[in-house]
Amino acid sequence: MPITESEVTTKRIKPRLPRGMRDFLPGEMLKREYVFNIVRDVFHLYGFEPLQTPVLELSETLMGKYGDEAESLMYGAYHKGSKDKDKLLLRYDLTVPLARVVAQHYNDIALPFKRYHIAPVWRGEKPQRGRYREFYQCDADIVGIPDMVADAEIVSLVVTILRRLNFPQFRVKINNRKLLTAIGQYSGLENGQLSDLYRSVDKFDKVGADGVGEELYNRGIDKDVIGRMMPLLQAHQPGLENLDHLEASLGHLEVAQEGLRELRELVTYIEAAGIPSEYYEFDFTMVRGLGYYTGPIFETVIIDTDYGSISGGGRYDNLIGLFRGESLPTTGASLGIERIIDLMDELDLYPAHINNTVVDVLVTVFGDETRHEAVKLTAELREAGIKTELYMQDRNLRRQLTYANRKGIPFVVILGTDEIEQGIVTLKQFNNGDEMKIARDELADTIHARLT
RNA sequence: GUGGUUGUAGCUCAAUGGCAGAGCACCUGAUUGUGGUUCAGGCGGUUGUGGGUUCAAGUCCCAUCAGCCACCCCA
C-alpha cells in the first residue's frame, strides 16, 4: 500500500524511542566498534571463539535462574497471532543461554568450550546514567575445566583487554565464595543467611564497615556473629599474606582450606602469565550479587573513581547442570562494556584517529565534465584499499572542502579539468594544509604513506 | 519498584502570569578552484504531550511521557 502525500502531511508520527533504549549515530558507533574490536581481538588472542544465540529464549529456559526480582524485569515477547503470550522472553544475560547451548549441543562442542559472546540483553529497570534497558554484554567463559588454570586465564584476559584499551589504573579484586561461606560458618551464621551476607557485604565500598554491620543486624544477624566476621572480611594485608591471615582463623574448616588452596593456586598461574601484581588484589568484601557462583569470583574497579565495577565474573560449577542434569565446571567473566565505553570518553582514552568518519579521502566533482573521471579515480583508490568517498553534488570547491573538513576526512583529491588535461591530481591534506600536484598513478601510494 | 528533580530552536541555556530570546551549530553571501579564522545576512518553535485555572499560561494546577539524581538491584 503506497503512502500518500496527504498521509505524510497529516499523520506525522512523532519519532520516539522506548524508555531506556538508544540509537547510536555513526560518530558514536565508531567509538563503540573501536572498543568491541579490541575486545574481540583479545578474545581471539586467548583462543575464545564466538557464539551467537537468539535474542528470544523460551520462558522455561530463563525462569528460575535469576530470582524473583530479576524475573519481574524481563521483557516478554509474542507474535500477534499467538495464543500463548507467556512463552517467550527476551534474554536477560548471556550466561544462561550459554548453559542452555552447552547442554543442548553437548555432543557438538569440544571441551574445554571457550566461547565469547558480545550481544544486547534486556532488563526493564529504571534507566539512569550508564544504565539502560537494552545494553550490550560481553562475556567470555571456559566450560569444562575445574582447575584454577582456567580462572587464571579469565583474570589474565580481563587485564589484557583493559590494558589494550589504555585504562591507566584498575584492579581486579579477587575473592572466593568458599571463603565467604567459611567466614559465615566460623562466625556462627545460620545457613539460610548466606545470601543476606552477600547482599550486605557487597555494599562495603558504598556504606563502609559500620554501614554493613548495621545492615547485617537489620537483616536479623546476631551482633556477636557480626563482630566475629567483620575483622576477617576487612583483612587487607598485601598479596598472599591476606590468605595466611584468614587461614589463622579459618584453617580448621574444610571449605576454607579449599578456598585458600584455590586462590593460592590461582595466583601462581596469574604470576606465571606475567600479569603485574598491581593489577589484582584479594578483597574479601567483594562478593558479587549473583547467587550461582561457587568458587573464585572477580570484579574490576577503576582506582580512584566511584564508577562501580567494569567487569565481573567467577566460577559457577552448577549452573549448566540445571540444563544437563549433571554439573559441569565453568568459569568466566563479563565486561561491563557500556560502562567501559562511557569511561573511555570520560578518561579520554580514544586514540585521535577515531574520528567522526571512516573515510580517508574525498574525491571532488565539478559538473558533468569531470564526473566520469572522478568516478573512475574513486574506483582506483578503492581498489588500492583506500576508503574513498565520491562527492555527489555539483557544488563549488569551497563547499566540498567544507564538507570534508566538517566530517573530519583527512584528504581531498581535487580533480578538475586542469588536472584531467595534465593527467595529474591535486592532493590536499587537511591537518597541515599541504597541497601537492602528483601523477595519478602515484596517488594511492602517496596517500597510504601519509595516512600512517 | 520507591523518593526527588528537570523538560523552551539541532545543542547549551535565558525570559515578575503580559510581544518566546541569546550564544553555538546550520544555510547564503563576501570567495562558482581552496576548508578551519573573520565579516554581513538568513532559516529555525504547537515552550515534551493532554487537560484545567485565568482577560491573558513557557510561567500556576492536574495527568501523562521522557531525561537526570538517590534508593532497590545490577552491567
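Lettering of chains follows the sequences in order, A, B, ..., and the numbering in each one begins at 1. Quick note: numbers below take in every heavy atom, side chains included, and nothing from hydrogens, waters or symmetry partners.
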Please confirm whether the shortest side-chain N or O distance from Arg288(A) to OP1 or OP2 of rA75(B) is below 4.0 Å.
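It does, given that an N or O in the side chain of Arg288(A) lies less than 4.0 Å from OP1 or OP2 of rA75(B).
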
So does Arg129(A) get a side-chain nitrogen or oxygen closer than 4.0 Å to the phosphate oxygens (OP1/OP2) of rC69(B)?
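Checking Arg129(A) against rC69(B): at least one side-chain N or O falls below 4.0 Å of OP1 or OP2.
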
Can you name the residues that form a side-chain hydrogen bond (donor to acceptor under 3.5 Å, both in side chains) with Thr426(A), not counting sequence neighbours?
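Here the qualifying residues are Glu419(A), Lys437(A).
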
Residues that Arg177(A) engages under side-chain hydrogen bond (donor to acceptor under 3.5 Å, both in side chains), provided they are two or more places apart
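Arg177(A): no side-chain hydrogen bond (donor to acceptor under 3.5 Å, both in side chains) contacts found.
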
Go through the structure and list residues passing side-chain contact (heavy atoms from CB on, under 4.5 Å) with Gln422(A), not counting sequence neighbours.
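Asp418(A), Ile424(A).
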
Between the protein and nucleotides 25-28 of chain B, which nitrogen or oxygen pairs come in under 3.5 angstrom?
residue	atom	partner	partner atom	Å
rU28(B)	OP1	Arg395(A)	NH2	2.6

Given atom [atom1] of [X] and atom [atom2] of [N], what is their separation to the nearest angstrom?
X	N	atom1	atom2	answer
Leu401(A)	rU34(B)	CG	P	9 Å
Asp68(A)	rC72(B)	CG	P	19 Å
Ile302(A)	rA75(B)	CD1	P	16 Å
Leu397(A)	rG36(B)	CG	C1'	14 Å
Asp394(A)	rG33(B)	CG	C1'	14 Å

Between the protein and nucleotides 47-49 of chain B, list every N/O to N/O distance that falls short of 3.5 Å.
residue	atom	partner	partner atom	Å
rG48(B)	O2'	Lys14(A)	NZ	2.5

Reckon [X] touches a base, only the sugar-phosphate, or nothing at all at heavy-atom distances under 4.0 Å?
X	answer
Asp418(A)	base
Tyr136(A)	nothing
Thr364(A)	nothing
Gly408(A)	nothing
Leu335(A)	nothing
Gly312(A)	nothing
Thr95(A)	nothing

Taking the same atom, [atom1], in [N] and in [M], what whole-Å distance lies between them?
N	M	atom1	answer
rG17(B)	rU6(B)	P	15 Å
rA22(B)	rC60(B)	P	24 Å
rU54(B)	rC62(B)	C1'	16 Å
rC43(B)	rG4(B)	C1'	40 Å
rG67(B)	rC11(B)	C1'	15 Å
rU37(B)	rG18(B)	C1'	43 Å
rG7(B)	rU47(B)	C1'	9 Å
rU8(B)	rA57(B)	C1'	13 Å

Let's test your reading of the model: under 3.5 Å, does the base of rU34(B) pair with the side chain of Gln400(A) as donor and acceptor?
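There is none.
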
Does any donor-acceptor pair link the side chain of Glu419(A) with the base of rG33(B) at a separation under 3.5 Å?
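Side chain to base: pair present.
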
Considering only NZ, NE, NH1 and NH2 on the basic side and carboxylate oxygens on the acidic side, decide whether [X] and [Y] come within less than 4.0 Å.
X	Y	answer
Lys31(A)	Asp345(A)	yes
Arg123(A)	Asp93(A)	no
Glu373(A)	Arg440(A)	yes
Glu57(A)	Arg100(A)	yes

Pair assignment for RNA chain B - dot-bracket with | for other-strand partners, Watson-Crick or G-U under 3.5 Å
(((((((..((((....[..)))).(((((.......))))).....(((((..]....))))))))))))....

Do His448(A) and Ile386(A) come within less than 4.5 Å of each other through their side chains, counting heavy atoms only?
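They are in side-chain contact.
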
Flag the pair Trp122(A) / Phe135(A) as yes when at least one side-chain heavy-atom distance between them is below 4.5 Å, and no otherwise.
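Heavy-atom side-chain distance check fails, nothing below 4.5 Å.
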
I'd like a table of atom pairs between the protein and nucleotides 6-9 of chain B - only N or O on both sides, under 3.5 Å - with the distance next to each one.
none

rA75(B) base stacked by Phe135(A)? Criteria: ring centres under 5.5 Å, plane angle under 30°.
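Yes, Phe135(A) stacks on the base of rA75(B), since the ring centres sit under 5.5 Å apart and the planes are within 30°.
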
Contacts under 3.5 Å, N or O only, protein and nucleotides 1-3 of chain B:
residue	atom	partner	partner atom	Å
rU2(B)	O4	Lys126(A)	NZ	3.0
rG3(B)	O6	Lys126(A)	NZ	3.4

May I ask you to check whether over 12 heavy atoms, not counting those of [X], lie within 6.0 Å of atom [atom1]?
X	atom1	value
His372(A)	NE2	no
Glu49(A)	CD	no
Asn432(A)	CG	yes

State which residue, out of Asp139(A), Val102(A), Ile109(A), fulfils the side chain to side chain contact (heavy atoms under 4.5 Å, CB included) condition with Arg115(A).
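Passing option: Asp139(A).
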
To the side chain of [X], which of [options] is closest?
X	options	answer
Lys428(A)	rU32(B), rC68(B), rU34(B)	rU34(B)
Arg19(A)	rA75(B), rG33(B), rG67(B)	rG67(B)
Asn405(A)	rG35(B), rC68(B), rC73(B)	rG35(B)
Gln137(A)	rG35(B), rA66(B), rA75(B)	rA75(B)

Scan for ring-ring contact (aromatic ring centres under 6.0 Å, His included) pairs involving residues 155-176 of chain A, sequence neighbours excluded, and state none if there are none.
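Found Phe170(A)-Tyr279(A).
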
Of all residues at least two apart in sequence or in a different chain, which pass the salt bridge (charged side-chain N to carboxylate O under 4.0 Å, His left out) check with Asp317(A)?
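Salt bridge (charged side-chain N to carboxylate O under 4.0 Å, His left out) list for Asp317(A), sorted by chain: Arg315(A).
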
Using heavy-atom distances to pick each residue's nearest nucleotide on RNA chain B, tell me which of Gly336(A) and Asn396(A) is more 5'.
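It is Asn396(A) whose nearest nucleotide is closer to the 5' end.
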
In a table with atom names and distances, give each donor-acceptor pair under 3.5 Å that connects a side chain of residues 18-29 of chain A to protein atoms at least two apart or in another chain.
residue	atom	partner	partner atom	Å
Arg22(A)	NH2	Glu338(A)	OE1	3.1
Arg22(A)	NH2	Glu338(A)	OE2	3.2

For the side chain of Asn396(A) and the backbone of Arg399(A), is there at least one donor-acceptor N/O pair under 3.5 Å apart?
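At least one qualifying donor-acceptor pair exists.
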
Using modelled atom types only, decide if a donor and an acceptor are shared between the side chain of Asn175(A) and the backbone of Met286(A) within a distance under 3.5 Å.
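Present.
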
Return each pair, listed once, that meets side-chain hydrogen bond (donor to acceptor under 3.5 Å, both in side chains) where at least one residue sits in residues 293-302 of chain A; pairs must be two or more places apart or across chains.
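For residues 293-302 of chain A: Arg288(A)-Glu299(A), Thr300(A)-Ser311(A).
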
